[in-house]
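The structure under discussion appears below in the form of structure tokens.
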Amino acid sequence: MKQTHLKNLTLTAIFSVLTFCATFIIRIPSFGGYLNFGDCMVLVSGYILGPYWGSVSAGIGSALADVFSGYTIYALPTLIIKAFVAFSAGFLFKLSKKKNILHIVICGIIGEIIMLLGYFIFEAYFLGLGVQVALMSAYSGTLQALAGVSSSTLLLQAFKDRKKGGV
């Protein structure tokens, strides 16, 4: 096995665990659910590991959190949606020549819009909850998305500053 492949597998496993823990362990009660830092790790996975490996770690970690939280009906859609969020944010981040805060935020917002649309479609049509219920759920999802974009931006900036030798 190539050393780079082993490194990618190892980092993917680590980020899967980080995503799981950030989703499952850290819960802040909010309207209609709870906030967590899972979306932060989903986006950071896409940024650091790239679109492919990042999508694998984000999907697996998030889906496992749903299974262990008792939301098994959401596990498969979460795997797909969160993988697509990490893929799109990571892909756009990789394409951007400037890796500044504005690009990080834009990539995160686009990824989180995909997340909101994915869950809206799943809840409204696949679960049959209807558009109104799915819209109400999207409200708490929007809070989750804002938390994910802001915390991932801060975390990525901390990594960037640390890499340059900052505090």
Side-chain angles (χ1 to χ4, degrees), residues 4-30 32-94 96 99 101 103-123 137-138 140-163:
T4 56
H5 188 67
L6 182 61
K7 179 183 172 186
N8 287 335
L9 283 174
T10 304
L11 287 172
T12 300
I14 290 169
F15 273 89
S16 293
V17 171
L18 289 172
T19 302
F20 170 80
C21 290
T23 305
F24 185 73
I25 295 172
I26 307 167
R27 297 183 188 190
I28 303 165
S30 73
Y34 61 89
L35 292 174
N36 60 63
F37 291 101
D39 280 274
C40 170
M41 293 312 303
V42 165
L43 293 171
V44 170
S45 294
Y47 299 147
I48 292 178
L49 300 178
Y52 302 107
W53 291 104
S55 64
V56 171
S57 70
I60 290 172
S62 299
L64 285 174
D66 278 352
V67 169
F68 284 97
S69 297
Y71 297 103
T72 53
I73 195 165
Y74 281 91
L76 181 59
T78 293
L79 180 115
I80 295 166
I81 292 166
K82 298 295 183 162
F84 196 53
V85 169
F87 181 86
S88 59
F91 183 76
L92 292 172
F93 185 70
K94 190 175 178 180
S96 63
K99 308 284 192 229
I101 291 177
H103 288 93
I104 296 167
V105 170
I106 291 170
C107 294
I109 289 172
I110 291 170
E112 293 297 332
I113 288 171
I114 290 168
M115 186 261 307
L116 290 170
L117 288 172
Y119 282 116
F120 175 81
I121 291 167
F122 175 70
E123 290 174 345
S137 178
S140 63
T142 302
L143 294 175
Q144 179 67 38
L146 292 172
V149 171
S150 58
S151 58
S152 66
T153 302
L154 291 171
L155 189 58
L156 206 60
Q157 282 302 116
F159 287 155
K160 185 177 172 185
D161 290 345
R162 185 74 178 141
K163 197 173 181 180

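Keep in mind the model is a prediction, meaning the values are calculated, not measured.
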### Summary
With sequence neighbours left out, the residues meeting ring-ring contact (aromatic ring centres under 6.0 Å, His included) with Tyr74 are Phe122
### Query
Does the Lys99 side chain pair with the main chain of Phe93, one donor and one acceptor, at a distance under 3.5 Å?
yes
### Query
Are Asn36 and Ile28 close enough, and set up right, to give a side chain to side chain contact (heavy atoms under 4.5 Å, CB included), and what steps lead you there?
CA-CA 6 Å; Asn36 60 63; Ile28 303 165; over 6 Å; no
Pairs of donor and acceptor atoms involving the side chains of residues 8-18, under 3.5 Å and at least two apart or interchain, shall be tabulated with distances.
residue, atom, partner, partner atom, Å
Asn8, ND2, Thr4, O, 3.3
Thr10, OG1, Leu6, O, 2.8
Thr12, OG1, Asn8, O, 2.6
Ser16, OG, Thr12, O, 2.9
Ser16, OG, Ser57, O, 3.4

### Approximate separation, where rounding is to 0.5 Å, of Ile26 CD1 and Ser151 OG
9.5 Å
### Message
Tell me whether the count of non-hydrogen atoms from other residues, nucleotides or ligands lying under 6.0 Å of CD1 in Ile25 goes above 12.
### Response
yes
### Query
Have Thr78 and Tyr119 got a donor and an acceptor in their side chains that come within less than 3.5 Å?
yes
### Task
Could you walk me through whether Ser152 and Asp39 pass the side chain to side chain contact (heavy atoms under 4.5 Å, CB included) test, one step at a time?
CA-CA 8 Å; Ser152 66; Asp39 280 274; over 6 Å; no
### Query
If you count the non-hydrogen atoms of other residues, nucleotides and ligands that lie under 6.0 Å from CZ in Phe24, is the total more than 12?
yes
### Message
If you compare all heavy atoms of Gln144 against all heavy atoms of Gly38, which two are closest, and at what distance to 0.1 Å?
### Response
NE2-N, 4.4 Å
### Message
Please determine whether the number of non-hydrogen atoms from other residues, nucleotides or ligands lying under 6.0 Å from atom CD1 of Ile101 exceeds 12.
### Response
no
### Query
Hey, does the side chain of Tyr71 reach the backbone of Ala65 with a donor-acceptor pair shorter than 3.5 angstrom?
no
### Task
Scan for salt bridge (Lys or Arg N to Asp or Glu O under 4.0 Å) pairs involving residues 53-75, sequence neighbours excluded, and state none if there are none.
none
### Heavy-atom closest contact (Ile73 atom, Pro77 atom, distance)
O-CD, 3.6 Å
### Query
Has the side chain of Glu112 got a donor or acceptor atom that lies under 3.5 Å from a matching backbone atom of Val149?
no
## Note on the structure
In short, Ser55 meets Ala83 closest at the heavy-atom pair CB-O, 3.1 Å
### Leu43 to Gly148 - nearest heavy-atom pair and separation
CD1-O, 3.7 Å
### Query
Which pair of heavy atoms, one from Leu49 and one from Gly54, lies closest together, and at what distance?
CB-N, 3.6 Å
